[in-house]
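Below is one structure, written out as structure tokens; comments come after it.
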2 protein chains.
Amino acid sequence: MTVRVLLADDEHLIRGALAALLALEDDLVVVAEAASGPEALAMARAHQPDVAVLDLQMPGADGVRVATSLRAELPGCQVLIVTSHGRPGHLKRALAAGVRGFVPKTVSAQRLAEIIRTVQAGNRYVDPELAADAISAGDSPLTAREAEVLELAADGAPVAEIAERAALSPGTVRNYLSSAVSKLGAENRHTAVRLARERGWV
Amino acid sequence: MTVRVLLADDEHLIRGALAALLALEDDLVVVAEAASGPEALAMARAHQPDVAVLDLQMPGADGVRVATSLRAELPGCQVLIVTSHGRPGHLKRALAAGVRGFVPKTVSAQRLAEIIRTVQAGNRYVDPELAADAISAGDSPLTAREAEVLELAADGAPVAEIAERAALSPGTVRNYLSSAVSKLGAENRHTAVRLARERGWV
DNA sequence: GCGGCTTTCTGACATTTGTCATGAGCGGCG
DNA sequence: CGCCGCTCATGACAAATGTCAGAAAGCCGC
């Protein structure tokens, strides 16, 4: 029984190399490749793969968003996410989106092939190290608005601009930022942004 | 005549896959692999490759630093840098370090193989798109001190901390930051940091 | 040595941020 | 219902930041 695999990664070099390696496994066949989120979706619709191996960061729509659409459209297709930068929050988002596997790109090709089989069989696989990170990072203490405002503050915009973009009064924005900063134990909004980023809370 | 290649990338999956793909070219042979900067250096010393294919971001020492050491120790070994995120400044640094090739990971394996041969023959190859970016980004308008202070400000530290770490008075730090901000046309230090990062000036 | 340059500092000022108290409105939960 | 937490707001104050003018010290070239 062969497993039909969809491969999505924006880096051509990686994607091609990966396809070549997976082709060495005689029970796996790469039926489609994609370089962006939307393309991955289109390919999945066209080729109905058993397992979709998605890069987390892709132009268009990231791996998790693609996974969400995929679960709705192709319930039979299991999603496995592969990533270079494993932030705890990404893992959490991915799991919530119905992703069955989540591994860093540091695994070997053999391991990946095994994990593809595991996922195809309906089981889950999460890299132990990433799982440990996610658990130790815990849940976000931020409320929805705090996270939203913090995100708008991420690129260094002044309060006035954040207020405008969030349709809030400047005073309110400062209050949210202040509480976010204190919840995160940061010195100022910018370190707060950095911390939240590291823990995957934004 | 076969080209002896050293492959360095911290992502096991990528490295293995790449090795497999390059092995398909019958004039290329991967004589060593490394997962970190120091390891790449050690491997190069041990195996004397003709071309070193280095990832830009690696633990230990980044691709450019490895390239610098390599040029000193093995003048016969040409360096080719491969990267996911092509910032203009990286390219400039790399070229200054004597790197002969600089390509994004979006190229195909065939292209990469060709480029390896190009580089091995003593020619240079720089991805046209990255080159265009680098040219349009131009030279940094920042003085050495401005860049230094801006870098220390990068993680959101308050002025007092920057002053201490740079052994400057707080007032001086603010002056440098102010002039850097105005030179970059930014609204505040944080957008300035972001802009300088994007252009590769820090 | 003089003029020009950079580096470094100081002091003063306006603006922006961070912090706090306080309050109104709303939705959920026991 | 009453309580609690989230949302949104205002006002006031302290602290940090941004901006500017001015000035001492050192270095380089002529």
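What you see is a predicted model, and the numbers here were worked out from it, not measured in a lab. Within every chain, numbering begins at 1; the chains are lettered A, B, ... in the order of the sequence lines, protein sequences first and strands thereafter.
Residues A:R189 and B:H190 have side chains not in contact (no heavy-atom distance under 4.5 Å, counting atoms from C-beta outward). You'll find the side chain of B:D55 reaches within 4.5 Å of the side chain of B:K105, heavy atoms only.
First and last contacts of DNA chain C with chain B, using any nucleotide atom under 4.0 Å from a protein heavy atom and ordered 5' to 3', fall at C:dT7 to C:dA12.
For CZ of A:R65, the number of neighbouring non-hydrogen atoms (other residues, nucleotides, ligands) closer than 6.0 Å is 12 at most. Within 6.0 Å of atom CD in B:E129, 12 or fewer heavy atoms from other residues, nucleotides or ligands are found, so the atom counts as exposed in its surroundings. The number of heavy-atom neighbours closer than 6.0 Å to CD of B:Q48, taken from other residues, nucleotides and ligands shown, is above 12. Around CD of A:E164, the count of heavy atoms belonging to other residues, nucleotides or ligands within 6.0 Å does not exceed 12. Other residues, nucleotides and ligands place more than 12 heavy atoms under 6.0 Å from the CZ atom of A:R71.
Applying the side chain to side chain donor-acceptor pair (under 3.5 Å) rule to B:Q120 yields no partners; only residues at least two apart in sequence or on another chain are considered.
Residues A:T172 and B:R189 each lie close to DNA chain D; by heavy-atom proximity, the contact nearer the 5' end of the strand is made by A:T172.
Here the side chain of B:E39 pairs a donor or acceptor atom with the backbone of B:A35 at under 3.5 angstrom. Using a distance-only test at 3.5 Å, with no hydrogens or angles considered, a donor-acceptor pair links the side chain of B:R4 to the main chain of B:H47.
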For nucleotides 19-26 of chain D, list the nitrogen or oxygen atoms of the protein found under 3.5 Å from its nitrogen or oxygen atoms, one pair per line.
unit_1: D:dC20; atom_1: N4; unit_2: B:N175; atom_2: OD1; d: 2.9

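For A:R15 and A:D10, the salt-bridge test fails: no basic side-chain N is under 4.0 Å from an acidic carboxylate O. Under 4.0 Å is where a charged nitrogen must lie from a carboxylate oxygen, and between B:E114 and B:R117 no such pair does. Using a cutoff of 4.0 Å between basic side-chain nitrogens and carboxylate oxygens, B:D155 and A:R197 are not scored as salt-bridged.
Contacts between residues 143-151 of chain B and DNA chain C, defined by a heavy-atom separation below 4.0 Å, involve B:T143, B:R145, listed by number. Listed in residue order, the members of residues 162-169 of chain B having a heavy atom less than 4.0 Å from DNA chain C are B:L168, B:S169.
If one axis is set at each end of the helix from C:dG1-D:dC30 to C:dG30-D:dC1 from five pairs, those axes are 30° apart, to 10°.
Taking OG of B:S36 as the reference point, atom CG of B:D9 lies at 11.5 Å (rounded to 0.5 Å).
For A:S179 and A:S182, the side-chain atoms include no donor-acceptor pair closer than 3.5 Å.
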